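See below for the structure under consideration.
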Amino acid sequence: MDMPPRLTDRDALRRNRARADRSALFLHDLARDEAEDRLGMVNRKFTAPAVVTPFPELWRESTPDACIVEDTEVLALEPGAHDLVIHALCLHWADDPVGQLIQLRHALKPDGMALVLTLGGQTLHELRAALGQAETEVTGGLSPRVLPMGDIRDLGALMQRAGLALPVADAAPLRATYATPLHLMKELRAMGEGNALAGRLRHATRRAVLLRAAQIYAESFATEDGRVAATFEMITLTGWAPDASQPQPLRPGSATHRLAQVLGTDETSLKD
């Protein structure tokens, strides 16, 4: 069996997360709040939840009875043990995202809910563009610097590939502003979201590249008050472990009423 390509240097990712500053984890706070809002709209009481997260302390207060595990390649979740599994803002670092979702499905009881919060493809598009242009101009080359992330359609399709029923995907672009692009880069490191790509350069970025990237960024993405904008696209995915009690699509040709009857209009036959 072919292994998925290695995207992430997990050792580097662990080091980055270990240096994270709690006060900079606002995206994880937003993800937790979004999860609570979504669950508040579900007419069900979950009694055996689990959370997959790189920052377990953020979830212990709001989900004290949950099984909280790290987002390792093989999740430490017992098969069929949970009626809810939340994957909290870490799927974007997975080398095999569909494999993560399949593991969620296996961990769910029948008709259990998977709730996934992740970052989407519009995240940091400004930084990606500025760094790419600057590095090309200064060095004549291009190296991996900003993590590639899936768009909403691709991520929604992964839920289906993972065997989850009734999948729903939606996105909420978040716009943050910073004094300068260098302040943004500093905060990304404080979030534990620094460059942990397996193909990254293993030496410090040249000063000329950073200064040119900051100049391009400020010229292209400045706000009216002189700051710079950064996009974080929060994507929310929901799906359910298959169960016979769930709504099922009708077989083609099994309808008992014509569409015209339902709409209260006259049916007009098309000429050959």
Side-chain angles (χ1 to χ4, degrees), residues 1-20 25 27-28 31 35 50-56 58-59 67-79 82 85-108 114-125 127-128 131-132 142-164 167 169 171 188-189 191-203 205 231-239 241:
M1 180 178 178
D2 293 336
M3 295 296 291
R6 183 65 61 183
L7 175 70
T8 303
D9 180 341
R10 300 297 300 188
D11 290 336
L13 182 60
R14 278 190 287 271
R15 289 194 298 271
N16 290 349
R17 288 170 170 176
R19 292 192 290 263
L25 300 181
L27 290 176
H28 289 268
V51 181
V52 180
T53 173
F55 299 108
L58 298 183
W59 288 86
C67 170
I68 300 179
V69 302
E70 185 184 353
D71 60 318
T72 50
E73 292 185 30
V74 179
L75 300 175
L77 295 173
E78 183 180 345
H82 303 284
V85 181
I86 301 171
H87 204 290
L89 215 61
C90 44
L91 189 67
H92 57 288
W93 282 112
D95 286 330
D96 182 16
V98 72
Q100 290 278 299
L101 299 178
I102 289 171
Q103 291 182 72
L104 299 193
R105 176 171 61 81
H106 288 319
L108 288 169
L115 175 57
V116 179
L117 301 115
T118 187
L119 295 176
Q122 290 301 307
T123 299
L124 297 176
H125 69 86
L127 183 61
R128 182 181 291 107
L131 282 171
L142 192 63
S143 61
R145 294 186 178 277
V146 179
L147 180 70
M149 305 177 205
D151 67 28
I152 187 170
R153 289 174 297 179
D154 293 337
L155 291 169
L158 291 185
M159 297 288 278
Q160 291 182 307
R161 284 182 57 193
L164 289 159
L188 290 174
R189 290 192 293 272
M191 292 179 187
E193 295 288 340
N195 190 351
L197 291 166
R200 72 191 186 282
L201 294 177
R202 302 306 172 105
H203 56 75
T205 299
T231 300
F232 298 95
E233 184 183 28
M234 184 83 72
I235 292 181
T236 304
L237 309 169
T238 57

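The model shown is predicted, which means the values in this text are computed figures rather than measured ones.
Judged purely by atom type and a 3.5 angstrom limit, E73 has no side-chain atom pairing as donor or acceptor with the backbone of D96. In terms of modelled atom types and a separation under 3.5 Å, the side chain of T8 and the main chain of W93 share a donor-acceptor contact. Under a 3.5 Å cut-off, the side chain of R128 and the backbone N or O of R145 do not form any donor-acceptor pair. At distances below 3.5 Å, at least one donor-acceptor pair connects side-chain atoms of E233 with backbone N or O atoms of G121.
Expressed to the nearest 0.5 Å, how far CG of L119 lies from NE2 of H92 amounts to 4.5 Å. If you take CD1 on I102 and CG on L158, they are separated by 9.5 Å, rounding to the nearest 0.5 Å. To the nearest 0.5 Å, atom CE of residue M149 and atom CG of residue L155 are 11.0 Å apart. Once rounded to the nearest 0.5 Å, the distance linking CG of L101 with CG of L237 reads 7.5 Å.
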task: Give the intermediate values and the outcome of side-chain contact (heavy atoms from CB on, under 4.5 Å) for residues L131 and V146.
output: CA-CA 9 Å; L131 282 171; V146 179; 4.1 Å; yes

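Every residue meeting the side-chain contact (heavy atoms from CB on, under 4.5 Å) condition with A31, not counting sequence neighbours, appears here in chain and number order: L89, L117, M234. Remark: Q100 pairs with H87 by the side-chain hydrogen bond (donor to acceptor under 3.5 Å, both in side chains) rule, at least two apart or across chains. Applying the ring pair (Phe, Tyr, Trp, His ring centres under 6.0 Å) test to H28 and every residue at least two apart in sequence or in another chain returns F55. Partners of T236 according to the side-chain hydrogen bond (donor to acceptor under 3.5 Å, both in side chains) rule, which considers only residues two or more places apart in sequence or in another chain, do not exist here. Evaluation of the side-chain contact (heavy atoms from CB on, under 4.5 Å) rule for A50 yields C67, L77, H82, V85 as partners, not counting sequence neighbours. Every residue was checked against the side-chain hydrogen bond (donor to acceptor under 3.5 Å, both in side chains) condition with R189, not counting sequence neighbours, and none meets it. Residues meeting the side-chain contact (heavy atoms from CB on, under 4.5 Å) test with P148, sequence neighbours left out: L7, L197. Every residue meeting the side-chain contact (heavy atoms from CB on, under 4.5 Å) condition with L142, not counting sequence neighbours, appears here in chain and number order: E135, T136. For N195, the side-chain hydrogen bond (donor to acceptor under 3.5 Å, both in side chains) test picks out no residue, with sequence neighbours left out.
Inter-residue side-chain proximity for T123 and E193 is flagged as unmet; no heavy-atom pair is nearer than 4.5 Å. Contact check for L104 versus V116: side-chain heavy atoms found under the 4.5 Å cut-off. Here the side chains of L188 and L124 are in contact, with some heavy-atom distance below 4.5 Å.
Considering all non-hydrogen atoms of both residues, A171 and I235 come closest at CB-CG1, 4.0 Å.
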Donor-acceptor contacts under 3.5 Å from residues 11-18 side chains, at least two apart:
{"from": "D11", "atom 1": "OD1", "to": "R14", "atom 2": "NH2", "distance (Å)": "2.6"}
{"from": "N16", "atom 1": "OD1", "to": "R19", "atom 2": "NH2", "distance (Å)": "3.2"}
{"from": "N16", "atom 1": "ND2", "to": "G194", "atom 2": "O", "distance (Å)": "3.4"}
{"from": "R17", "atom 1": "NH1", "to": "D71", "atom 2": "OD1", "distance (Å)": "2.8"}
{"from": "R17", "atom 1": "NH1", "to": "D71", "atom 2": "OD2", "distance (Å)": "3.2"}
{"from": "R17", "atom 1": "NH2", "to": "D71", "atom 2": "OD2", "distance (Å)": "3.1"}

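Annotation: E70, atom CD; neighbour count of heavy atoms from other residues, nucleotides and ligands within 6.0 Å is above 12.
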